[in-house]
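Here's the structure we're looking at; comments come further down.
Numbering starts at 1 and runs along the sequence shown.
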Amino acid sequence: MKRFEKILTYLLTAGLVAGMALIFSACSKESTLGPTVDSDQQEIGEPESLAKKGGNGGNGGNEPEYNYPLYTDLIFLANSKGSFQGGQLKVENGTTFSFKSGSLTPPTGWTDNQIILFMEIDIDTAKNELLFSFGPSGCEFSPSATVWFNYADLGISVPTLYYIDSNGNYIEQEPEKIDYRGNKMLLKIDHFSRYALAAHNNNNDNKKG
């Protein structure tokens, strides 16, 4: 009887040791019993979108982050009294145009009960400036609409903001606010036109485009 108990104890001990060895083997990185990982999975680190790219979050003079030109448009409807709804246009780089309901006066002669507003942004890498266009031409806003211009792709701390008149002259503007961390400038506008954010500063406040 004692011999049987010894054999049983030996078998239980051996089974316990084997089980523990199997568990440790499964936890090993080299083990085929371990959890599978996709071959293209990278180690966890700081997401690229959160990494700073130089300056105050700008691209530090590298290639623009976005594929220009950037474009968006949206339909805005009028009520029975001819008053247009308000809203916002926004493009990938974070530039936004916003206006309040009832503030939009469409171009002269406009008879439709809807209007498509658009915003387009292009970049001139040779001059290091961003060009902003809004339309359709002739739209007016009262109270003024607001634009947050994003200048991160210029890769500089603070650019100069210009209004571009119908003759292509650049007229320097004073922004309402500057968001240094977000690389944005706020401007209030009462009509659609073209604007530029440039790395250079024109001392004459007037420059041919």
_Quiz question: by atom type and distance under 3.5 Å, do the side chains of Tyr151 and Asp153 form a donor-acceptor pair?_
no
Throw together a table of side-chain donor-acceptor distances under 3.5 angstrom for residues 104-122, partners on residues two or more places apart or in other chains.
unit_1: Trp110; atom_1: NE1; unit_2: Asp112; atom_2: O; d: 3.4
unit_1: Trp110; atom_1: NE1; unit_2: Gln114; atom_2: O; d: 3.2

*Distance from Ile164 atom CD1 to Arg194 atom CZ, nearest 0.5 Å?*
4.5 Å
*Rounded to the nearest 0.5 Å, how far apart are NZ of Lys177 and CG of Leu187?*
13.0 Å
*Do the ring centers of Phe97 and Phe99 come within less than 6.0 Å of each other?*
yes
*Check side chain to side chain donor-acceptor pair (under 3.5 Å) between Tyr195 and all other residues, then give those that pass, not counting sequence neighbours.*
none
*is_close_aromatic(Tyr163, Tyr170), centroid dist under 6.0 Å*: no
_Within the structure provided, determine whether Thr160 and Glu129 are in side-chain contact (heavy-atom separation under 4.5 Å)._
no
*Using side chain to side chain donor-acceptor pair (under 3.5 Å) as the criterion, list what pairs up with Asn128, not counting sequence neighbours.*
none
Return a table of donor-acceptor pairs under 3.5 angstrom between the side chains of residues 84-91 and protein atoms on other chains or two or more places apart.
unit_1: Gln85; atom_1: OE1; unit_2: Leu77; atom_2: N; d: 2.8
unit_1: Gln88; atom_1: NE2; unit_2: Ser98; atom_2: OG; d: 3.1

*Do Ile189 and Phe76 sit in the same hydrophobic cluster, where Ile, Leu, Val, Met, Phe, Trp and Tyr count as joined when their side-chain heavy atoms come under 4.5 Å apart?*
yes
*Among the clusters formed by ILVMFWY side chains lying less than 4.5 Å apart, do Phe192 and Tyr71 turn up in the same one?*
no
*After noting the C-alpha distance and the side-chain angles of Met185 and Val158, does the key distance pass the side-chain contact (heavy atoms from CB on, under 4.5 Å) rule?*
CA-CA 9 Å; Met185 284 185 175; Val158 181; 3.4 Å; yes
_Any side-chain heavy-atom pair of Tyr68 and Leu131 under 4.5 Å_ = no
*When rounded to the nearest 0.5 angstrom, what is the spacing between NZ in Lys188 and CD in Gln173?*
14.5 Å
Can I get a per-line list of side-chain donor-acceptor pairs under 3.5 Å for residues 138-150, giving both atom names and the distance, sequence neighbours left out?
unit_1: Asn150; atom_1: OD1; unit_2: Ala152; atom_2: N; d: 2.9
unit_1: Asn150; atom_1: ND2; unit_2: Asn93; atom_2: O; d: 2.9

_Between CD1 on residue Ile123 and CG on residue Leu154, distance to nearest 0.5 Å_ = 6.0 Å
*asked:* Quick check for you: to the nearest 0.5 Å, what is the distance between Leu130 atom CG and Leu161 atom CG?
replied: 11.0 Å
*Is the backbone of Asn169 close enough, under 3.5 Å, to the side chain of Asp165 for a donor and an acceptor to pair up by distance?*
yes
*How would you list, by chain and number, every residue that makes a ring-ring contact (aromatic ring centres under 6.0 Å, His included) with Tyr66, sequence neighbours excluded?*
none
